[in-house]
There are 2 protein chains.
Amino acid sequence: MRAVDADEKVDRQARILDAVLRLLSLQGISGVSMRAVARAAGVSLGLVNYYYEDKTSLIRAALHRIEEQDIALVEPDPALEPEERLRAALKRVADPEFLTTEYLSLRLQLWALAQAHEDFERINTEAQERYRAGLAELIRAARPGLPRGECDRRAADINVIQNGLWLTALLGLDHASIGRSVARCEEIALAE
Amino acid sequence: MRAVDADEKVDRQARILDAVLRLLSLQGISGVSMRAVARAAGVSLGLVNYYYEDKTSLIRAALHRIEEQDIALVEPDPALEPEERLRAALKRVADPEFLTTEYLSLRLQLWALAQAHEDFERINTEAQERYRAGLAELIRAARPGLPRGECDRRAADINVIQNGLWLTALLGLDHASIGRSVARCEEIALAE
DNA sequence: AAGGGCATTGAACGGTCGTTCAAACACTCG
DNA sequence: CGAGTGTTTGAACGACCGTTCAATGCCCTT
């Protein structure tokens, strides 16, 4: 059982952060207490405070973790042509891998947190802007003739629909309207 | 000062609920404690528990209050022709009156709560369905020739964009993309 | 073997939480 | 006036919260 032991021991800090994300997604911020996090991560209360100065920095770390995932969504896939690259990125947001209740609920909780806490709002806004810029860049690569302003506009419009798509997927489960919305995003992005 | 005194006295129960909505919007669920609510409403701690059995029923009451506002958004305006009625309803969601940070933040907090608490989720889903049904009915009245399924489909698609619109308005403040999204909703709704 | 530096633990602190409840208040009716 | 009814208050309870910290365990170096 060496490997399992090692797995369980390695990087307790990461396991603590995982536990935060899990609890936040399932129970909301009310369910995230230092003790609950410690319990869910299988470590002692003291260790949570050892790795994270206080609760605020713990949540902040969770926010940054989600931010990385968001940016990865518009990371260009180098194996594809520009247009297919864009299509792939647009489809990725409706991928079952990302459209899980756990992930979407987590996003929602973080957005809710951003509303209540100025510090978190800044992190969130920056992430949103980086995402939108990445999307605009993908459009520009796929439609080189478009002026930059038009690319930004399209990225913004797509962003609106994608946000709605995520929210709708979370609140109800209307798969058909999600598919149609992805198609609508492609239309907006690739119009000549 | 009779009138003011009366105003301040009348319906303390309603003032308590107002305080909940205000706190929830501004500080999230973490800011809503029985004591904070009492303080914000200008009543004693005991009175909050007098009118609301426990904290859960207090939040539940807040959810129902928001639900009423949502349904009112698609309430047909009898003074208008069917098509204008629909346009009015679609424009209403982007009305500055509803697009305030306070109101949107409140919605977000309630959605976040619905994820964490089964009881709240049910209330929320029902409200969402009633809203969507109201929207489909408006479309049917404006385009009587359309089959019912197509109306439902359009209502669902519009709902996705509107959710995104609200969320985008809350996270950033891209007014231009909001205007374009409202126009897109009209196109979807009124296509022949 | 002894020492030193991280990692890890859980008890303890003061504070806030939700809930309960006896007491005080305001008001109407007889 | 006094009895009765519905409001309103704030103290008190036990539970849980975030944070601190002395003590312990573990592993590498000398």
Look at the side-chain N and O atoms of B:Y50 and state whether any lies under 4.0 Å from the OP1 or OP2 oxygen of D:dT7.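 Checking B:Y50 against D:dT7: at least one side-chain N or O falls below 4.0 Å of OP1 or OP2.
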Can you tell me how far [atom2] of [N] sits from [atom1] of [X], to the nearest Å?
| X | N | atom1 | atom2 | answer |
| --- | --- | --- | --- | --- |
| A:I16 | C:dT9 | CD1 | C1' | 12 Å |
| A:N49 | C:dG10 | CG | P | 15 Å |
| B:D54 | C:dC21 | CG | C1' | 17 Å |
| A:L23 | D:dG18 | CG | P | 12 Å |
| B:Y51 | C:dT20 | OH | C1' | 18 Å |
| B:E53 | C:dT19 | CD | C1' | 11 Å |
| B:M34 | D:dC16 | CE | P | 18 Å |

So, using ring pair (Phe, Tyr, Trp, His ring centres under 6.0 Å) as the criterion, who are the partners of B:F120 when residues are at least two apart?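 Expected list: B:H117.
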I'd like to check the ring pair (Phe, Tyr, Trp, His ring centres under 6.0 Å) partners of B:Y131; sequence neighbours left out, ordered by chain and number.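 With neighbours one apart ignored, the set is empty.
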How would you list, by chain and number, every residue that makes a side-chain contact (heavy atoms from CB on, under 4.5 Å) with B:A133, sequence neighbours excluded? none
Taking only nitrogen or oxygen atoms into account, show me every contact under 3.5 Å that the protein makes with nucleotides 10-14 of chain D, one pair per line with its distance.
{"residue": "D:dA12", "atom": "N6", "partner": "B:R35", "partner atom": "NH2", "Å": "3.4"}

Between D:dT8, D:dT19, C:dT9, which nucleotide has the shortest distance from any of its atoms to the side chain of A:R12?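 That would be C:dT9.
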Report which part of the nucleic acid B:Y52 touches: base, sugar-phosphate, or nothing (heavy-atom distance under 4.0 Å, all strands).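 Since no nucleic acid heavy atom lies under 4.0 Å of B:Y52, the category is nothing.
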Using residues 26-43 of chain B as the side-chain source, report each donor-acceptor pair under 3.5 Å to any protein atom, sequence neighbours left out, with the distance given to one decimal.
{"residue": "B:S33", "atom": "OG", "partner": "B:A36", "partner atom": "N", "Å": "3.0"}

Would the distance check show the side chain of B:T100 and the main-chain N or O of B:Y103 forming a donor-acceptor pair, the cut-off being under 3.5 Å? yes
Excluding sequence neighbours, so at least two apart, what forms side chain to side chain donor-acceptor pair (under 3.5 Å) with A:Q128? A:N159
